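Take a look at the structure set out below.
For the numbers below, each heavy atom of this structure counts, side chains included, while hydrogens, waters and symmetry mates do not. This chain uses plain numbering: 1 for the first residue, then up along the sequence. Every number for a ligand or one of its atoms is a count from 1 in the order of the listing. This is a predicted model, so every value here is computed, not measured.
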Amino acid sequence: MDITHALVLGAVLALCVFYARLNSKFSRLPPGPPGLPIIGNILQVPSKLTFLKFAHWVKQYGPIYSINVLGQPWVVISDIDTAADILDRMSNETGERPRLIKANEFLEHGRNLSIMPKNDLWRAMRKATHESLNGRAITNRLFIQEEEAALQVQGLLLHPEIPIEAPVHRITSSLNMRNLYGMPSIPLQGPSPSHRLEEIGKVLFDAMVPGRSAVNIFPPLKYLIARSQWLRGPADKIYKESTDECIKLLRSEPVDGDRFLSSALREKQSIHGMCLEDSAWLVGMLHLVAQYTTSIAILWLIMAFTLYPEVVKKGQLELDSVVGHHPPTFEDLTQLPYLEAIVKEVLRWRPPGPMSVAINRDPTAYSNGHGFNPDRFLTSENEIREPPSDTHDDFLSFGYGRRVCPGREVAIRTLKICAAYLLWAFDFQKARDDDGNELFPNDMDMMDVGPTVYPAPFQSQMIPRHPDLEERLRHCGPK
Ligand code: HEM
């Protein structure tokens, strides 16, 4: 046999072994749509709004099925019982993350809590995060959320000409800059200290989409890239810029006491076994994750208020009976079950991370899951219902098991106080075009942003409910 034949035979054998291994890997998984050899189902998986296709396959293949994305097995789970069995009860085994080589290894050097493997650094970061973001720890910083919710309403009132996304983006950035770094509130108009990090974040988030880069698809490329300064250069540059920015923010001079995450980390870095880069990345990534997810939820909240006037009316009736004409506070929120139901429903209806859409519509817990109906969470006595088992208090959009969202308590409080302020301040009407026709926001018009899904830009006309709203807000915002 000459050398050419030997090489061809070798390559064919290698392919056969690769294919056989792939087949045996998939043969242990629940069946799903048939795909092509080696590349699997990749051509059937749309690059945009992937979750819609996944939901479609549920009808054909049932609540749990698998697909092959260029050799990587993905298991899709779409009902509450299976999710609890596999993601909660087996979370030690299922708490790993898909290997996102470009994002995790090249751009972030394994320092992004949300996509890193379950290793010692991940455990240290989770512990440090939990210490500062658990329900008890955040109670002495609730005034920040109240002030920022007031400032958001002020922004919507004073600048109706600006797209809704801008004040929503501001509040989420401002909350994080204050809570994570002890910075002052970000003004309605003007420079934001988080701007540079958020610009870099767009690149990092984009790289978190599986299949977006060649090295995720064909992992052995990693060795080639790692050895080539030319191939690795752009990722090294982004890593350096991100690290410099995160360290700059971590070292910024706080103006707001010492009760925020970055000060705790500066004190206890070594206790948690982290180095400066680890701490800086932890807080920087918390900001980005919190920023995207919370902004999305607030935008859907405003869209729901615009589309469902009956929900607004009922929410205002409840709110007015408790707060009268005064701006709402966290103390009032304990007496507002319908408001809590609105927050549960907006996260169920349009989860910021769309992969939980199907679970959030499991008909065994949520009948008519496509509609927006906060009443589903209330009993006939107008109290919050006992959540069905395995639904995490009817907040399934925060994920499962060991990787469950550590920002859940902060996010729920932010959404509640924002919803309360919006209902207290405004009536919501559809905007009108130049001919006076109502513009209906389209709740199916969405945009992928990294692993999250935003509503496409929409308009809403917010009519102040109090003649002296501007004056009152001035007393509630940041001092
Ligand atoms: C409405 C707002 C939010 C939603 C819907 C949300 C949802 C999620 C989901 C679904 C996960 C993945 C859980 C899993 O894999 O099972 C997650 C993880 C995470 N979230 Fe959130 N989140 C929100 C707000 C926040 C906030 C405010 C923070 C921080 C202050 C935060 C920090 C994180 C982090 C660091 C992770 C990764 C945890 C890990 O992998 O160990 N999130 N979130």
Side-chain angles (χ1 to χ4, degrees), residues 51 75 77 83-84 86-88 90-91 94-98 100 103-104 108 110-119 121-135 137-138 141 144-145 148 168 171-181 194 201 204-205 208 260-262 281-301 343-357 359-360 392 394-419 450-454:
F51 74 97
V75 176
I77 298 173
I86 295 182
L87 301 176
D88 276 335
M90 290 170 62
S91 100
T94 54
E96 259 315 340
R97 281 285 180 261
L100 298 172
N104 182 50
E108 300 167 351
R111 292 197 159 99
N112 180 349
L113 173 57
S114 59
I115 60 167
M116 66 202 293
K118 226 157 42 80
N119 55 21
L121 181 58
W122 173 79
R123 274 179 274 280
M125 285 188 171
R126 284 280 316 193
K127 194 161 175 246
T129 305
H130 182 71
E131 276 173 13
S132 290
L133 297 188
N134 70 65
I138 59 176
R141 300 186 67 73
I144 292 182
Q145 283 165 309
E148 292 294 334
V168 171
I171 184 180
T172 49
S173 298
S174 195
L175 280 168
N176 293 336
M177 289 300 110
R178 297 180 73 180
N179 277 316
L180 299 175
Y181 296 106
S194 58
L204 303 181
F205 258 52
M208 282 163 67
F260 46 89
L261 179 60
S262 60
W281 268 85
L282 171 59
V283 193
M285 292 308 106
L286 281 174
H287 163 60
L288 291 181
V289 175
Q291 219 264 326
Y292 276 68
T293 48
T294 315
S295 298
I296 294 173
I298 298 175
L299 287 169
W300 283 121
L301 190 63
V343 171
K344 285 183 184 230
E345 181 66 344
V346 82
L347 288 169
R348 188 206 63 80
W349 179 62
R350 290 288 184 273
M355 288 308 166
S356 65
V357 165
I359 293 176
N360 271 303
H392 296 205
D394 282 317
F395 281 116
L396 283 165
S397 298
F398 291 102
Y400 282 85
R402 311 254 156 132
R403 305 298 290 233
V404 73
C405 176
R408 178 188 133 128
E409 297 307 321
V410 180
I412 291 172
R413 282 167 176 77
T414 302
L415 292 174
K416 279 187 186 168
I417 196 72
C418 278
T452 58
V453 170
Y454 270 71

Quiz item: Taking distance alone, with no angle check, do Thr294 and ligand 1 share an N/O pair under 3.5 Å?
Solution: no
Practice problem: Using a 4.0 Å heavy-atom cut-off, say whether Met116 meets ligand 1 through its side chain, its backbone, both or neither. | Solution: neither
Quiz item: Parallel under 30°, tilted from 30 to 60°, perpendicular over 60°: which one fits the rings of Trp349 and Trp300?
Solution: perpendicular
Quiz item: Pick from His287, Arg111, Met125: which one makes a side chain to side chain contact (heavy atoms under 4.5 Å, CB included) with Leu282?
Solution: Met125
Quiz item: Does the Arg413 side chain pair with the main chain of Glu409, one donor and one acceptor, at a distance under 3.5 Å?
Solution: yes
Practice problem: Mind checking the CG-CD1 spacing from Leu415 to Ile412? Nearest 0.5 Å is all I need. | Solution: 8.0 Å
Self-check item: Nearest non-hydrogen protein atom, atom 24 (C) of ligand 1
Solution: Thr293 OG1, 3.2 Å
Practice problem: Considering non-hydrogen atoms only, spot the tightest contact between Met116 and Gly110 and give its length. | Solution: CE-O, 3.2 Å
Quiz item: Which heavy atom of Glu108 sits nearest a heavy atom of Ile115, and at what distance?
Solution: OE1-CD1, 3.2 Å
Self-check item: Enumerated ligand 1 atoms positioned under 4.0 Å from heavy atoms of Leu286
Solution: 29 (C), 35 (C)
Quiz prompt | Rounded distance [0.5 Å steps], OG in Ser356 versus OH in Tyr400 | solution = 8.0 Å
Exercise. Taking Arg348 for its side chain and Asn360 for its backbone only, find out whether a donor-acceptor pair lies under 3.5 Å.
Key: yes
Practice problem: Kindly compute the distance separating CD1 (Ile144) from OG1 (Thr414), expressed to the nearest 0.5 Å. | Solution: 10.5 Å
Quiz item: Can you tell me which residue and heavy atom of the protein come closest to atom 16 (O) of ligand 1, and the distance to 0.1 Å?
Solution: Tyr400 N, 2.9 Å
Practice problem: Do me a favour and list the nearest non-hydrogen protein atom to atom 13 (C) of ligand 1 with residue, atom name and distance? | Solution: Arg403 O, 3.0 Å
Quiz item: Looking only at heavy atoms of Met125, does any of them come nearer than 4.0 Å to an atom of ligand 1?
Solution: no
Quiz item: Going by heavy atoms, is Gly353 under 4.0 Å from ligand 1?
Solution: no
Quiz item: Hey, looking at atom 21 (Fe) of ligand 1, which of Pro351, Ser132, Cys405 has the closest heavy atom?
Solution: Cys405
Quiz item: For ligand 1, is any non-hydrogen atom under 4.0 Å from Asn176's backbone (N, CA, C, O), its side chain (CB onward), both, or neither?
Solution: neither
Quiz item: Between the main-chain N or O of Ala290 and the side-chain N or O of Thr293, is there a donor-acceptor pair closer than 3.5 Å?
Solution: yes
Quiz item: What residue and atom, counting heavy atoms only, is the protein's closest point to atom 1 (C) of ligand 1, and at what distance?
Solution: Leu347 CD2, 3.7 Å
Quiz item: Is there a donor-acceptor pair closer than 3.5 Å between any side-chain N or O of Arg350 and the backbone N or O of Ile296?
Solution: no
Quiz item: Just distances here: any N/O of Trp122 and N/O of ligand 1 closer than 3.5 Å?
Solution: yes
Quiz item: How far is atom 27 (C) of ligand 1 from its nearest protein heavy atom, and which residue and atom name does that atom have?
Solution: Ala290 CB, 3.4 Å
Quiz item: In the protein, what heavy atom is nearest to atom 7 (C) of ligand 1, and what distance, to one decimal place, separates them?
Solution: Ser397 O, 3.4 Å
Quiz item: Just heavy atoms, cut-off under 4.0 Å: does Val289 contact ligand 1 by side chain, backbone, both, or neither?
Solution: side chain
Quiz prompt | Part of Met285 within contact of ligand 1 (heavy atoms, under 4.0 Å) | solution = neither
Quiz item: Considering only heavy atoms of Pro352, which atoms of ligand 1 have at least one such atom less than 4.0 Å away?
Solution: 5 (C)
Quiz item: Of the protein's non-hydrogen atoms, which lies at the shortest distance from atom 30 (C) of ligand 1, and what is that distance?
Solution: Leu133 CD1, 3.6 Å
Exercise. Return the residue, atom name and 0.1 Å-rounded distance of the protein heavy atom closest to atom 11 (C) of ligand 1.
Key: Phe398 O, 4.0 Å
Self-check item: Per-atom contacts of ligand 1 with Pro406, taking only distances under 4.0 Å to non-hydrogen atoms
Solution: 19 (C), 20 (N), 33 (C), 34 (C), 35 (C), 36 (C), 38 (C)
Self-check item: Nearest-0.5 Å distance, CG of residue Leu175 to CD1 of residue Ile417
Solution: 11.0 Å
